[in-house]
Structures are given as structure tokens and as C-alpha cells.
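Structure record follows, encoded as C-alpha cells.
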Amino acid sequence: MAAKKRPTVAIVMGSKTDWPVMEFTRNTLKEFGIESTVKVMSAHRTPHEATEFAENAVKNGYQVIIGAAGGAAHLCGVLAGHTILPVIGVPVKGWSLDGMDSLLSTVQMPKGVPVATVAIGKAGAINAAILAVQIMGTADAALRRKMTAYKKAMAKEVLAADAELQKELEG
């Protein structure tokens, strides 16, 4: 039996309620053969644990951290402030402002503490995984090949949909 691959991406959520969105991140990473760790930590309720996790992320073999939070959404900033790894932020709809509060909290980082911020919700969760693959692919030819195939498959889907529409319009 082959040994399980060590996770190279950490998915950190501010709350377990973020999982229905962040499950798309994990599933997309799996499509590329990337193992991930999923954790719940809060920038406000477990700040010491979040800091410790970020400070040890390199030592623990992670290459990218993907964070998700709603509301004040400070989690990604806390993680980015305590690691040299790239941090990708996924704003999640919270209890107010339809996720705009999360988006602004995640994207508005001070100079020197970047968080690559993607769209709110499912599209952002998938794009966070894709961005992680692209980042890791800069040093991994196999991931670059998988990304190339992924992009070609997307283009093929769009062209097939266009051909189908054109037939309907002619008919």
C-alpha cells in the first residue's frame, strides 16, 4: 500500500459553517492530486492557535495557505502576518452585507502583508484552489501539465456550448 501524500495546502476556516463553501476548494485540489489539511481557527476566538499554525506552516510542509472567513474576516490577514507562504483569501457570506464585509476585510491588507483575494463564495473557493495549483506549478512540471489540460478542457466546453447554441439558432 502506497504511503499517503503529505498535505501541501492548508485550508483554514474561521468557522465550521464555512465548510459548504470550502469543500469546493478541497475537491478542486483533489482533482489535481493535491492533498490538503482542513482546520477551523478564528482570528478573534483562537488567535494564538491561528498564529502558531501560520508560524509553523513552512516547517509542516505546506506550500500555500487558503483561508476563509465571513464577517470581519481577519483570519487571512492574521495568517499572512505570521508566515512567508502565499495566503489566498476566500470571503464567505456572513450574517450581514451579503459577503461584502468579508470581501473588503480580506482584500484591504496593509503593504507588506498581501492576501491574494478571490471572489465571494463558491467561485472564489474553486478559484483559490486553482490559484494554489498555479503557484505550486511554478516549481512542478506535472502540475503545469495538469493546469494546461484543465484550461484546454474548459475551452473545449465553451466551444461545444457555442456550437450547440448555433445549431439551435439555425434550427
Side-chain angles (χ1 to χ4, degrees), residues 7-47 49-51 53-54 57 62-138 143 146-158 161-162:
T8 54
V9 174
I11 300 169
V12 184
M13 303 175 295
S15 169
K16 188 178 176 204
T17 60
D18 299 333
W19 179 241
V21 171
M22 297 311 292
E23 190 172 11
F24 290 102
T25 302
R26 187 171 194 202
N27 292 342
T28 303
L29 290 169
K30 281 183 177 183
E31 287 178 33
F32 286 90
I34 296 172
E35 294 295 325
S36 60
T37 298
V38 179
K39 304 284 286 176
V40 174
M41 289 178 217
S42 168
H44 304 108
R45 293 179 292 275
T46 59
E49 289 81 356
T51 297
F53 183 84
Y62 297 109
Q63 296 176 27
V64 176
I65 298 173
I66 299 173
H74 294 132
L75 179 61
C76 294
V78 167
L79 296 170
H82 290 91
T83 188
I84 61 167
L85 293 177
V87 175
I88 303 168
V90 180
V92 178
K93 287 184 183 182
W95 55 94
S96 66
L97 303 177
D98 213 25
M100 285 302 294
D101 49 348
S102 307
L103 173 64
L104 294 174
S105 294
T106 305
V107 77
Q108 286 298 103
M109 295 301 299
K111 68 179 180 176
V113 188
V115 171
T117 307
V118 294
I120 299 167
K122 177 182 174 181
I126 293 168
N127 281 342
I130 297 300
L131 183 54
V133 172
Q134 291 174 325
I135 290 167
M136 294 187 305
T138 62
L143 285 179
K146 288 178 182 180
M147 183 54 63
T148 299
Y150 177 84
K151 297 273 185 165
K152 285 181 181 178
M154 279 195 317
K156 187 175 179 180
E157 270 184 40
V158 171
D162 179 59

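Residue numbers run from 1 in the order of the sequence given.
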State the CD1-CZ distance between I11 and R26, to the nearest 0.5 angstrom.
-> 7.0 Å
Of all heavy-atom pairs linking M13 and L75, the shortest is C-CD2, 3.7 Å
At what distance, to the nearest 0.5 angstrom, does NZ of K93 lie from CG of L103?
-> 12.0 Å
What is the minimum heavy-atom distance between G124 and V90, and which atoms define it?
-> O-CG2, 3.9 Å
Hey, what do you get for CG (N127) to CZ (F24), rounding to the nearest 0.5 Å?
-> 12.5 Å
Side-chain contact, heavy-atom cut-off 4.5 Å: F53 with H82?
-> no
For residues L85 and V64, report the shortest heavy-atom separation together with the two atoms involved.
-> CD1-N, 4.5 Å
Has the side chain of T17 got a donor or acceptor atom that lies under 3.5 Å from a matching backbone atom of S15?
-> no
Atom OG1 in T28, atom CD in E23: separation rounded to 0.5 Å?
-> 10.5 Å
What do the steps show when you test Y150 against M154 for side-chain contact (heavy atoms from CB on, under 4.5 Å), and what is the final call?
-> CA-CA 6 Å; Y150 177 84; M154 279 195 317; 3.7 Å; yes
Exercise: identify the closest heavy-atom pair between Y62 and T37 = OH-OG1, 2.8 Å
Check V92 against A68 and note the closest heavy-atom contact, atom names and distance.
-> CG2-CB, 3.9 Å
Quick check: are there more than 12 heavy atoms from other residues, nucleotides or ligands sitting under 6.0 Å from NZ of K146?
-> yes
At what distance, to the nearest 0.5 angstrom, does CD1 of I130 lie from OG1 of T25?
-> 10.0 Å
Where A80 and V115 come nearest, the two heavy atoms and their spacing | CB-CG2, 3.8 Å
With side chains defined as the heavy atoms from C-beta onward, is the minimum distance between M22 and I66 less than 4.5 Å?
-> yes
Could you label the plane-to-plane angle of the H44 and H74 rings as parallel, tilted or perpendicular, counting under 30° as parallel and over 60° as perpendicular?
-> perpendicular
Roughly how far, to the nearest 0.5 Å, is the CD atom of Q63 from the OG1 atom of T138?
-> 9.0 Å
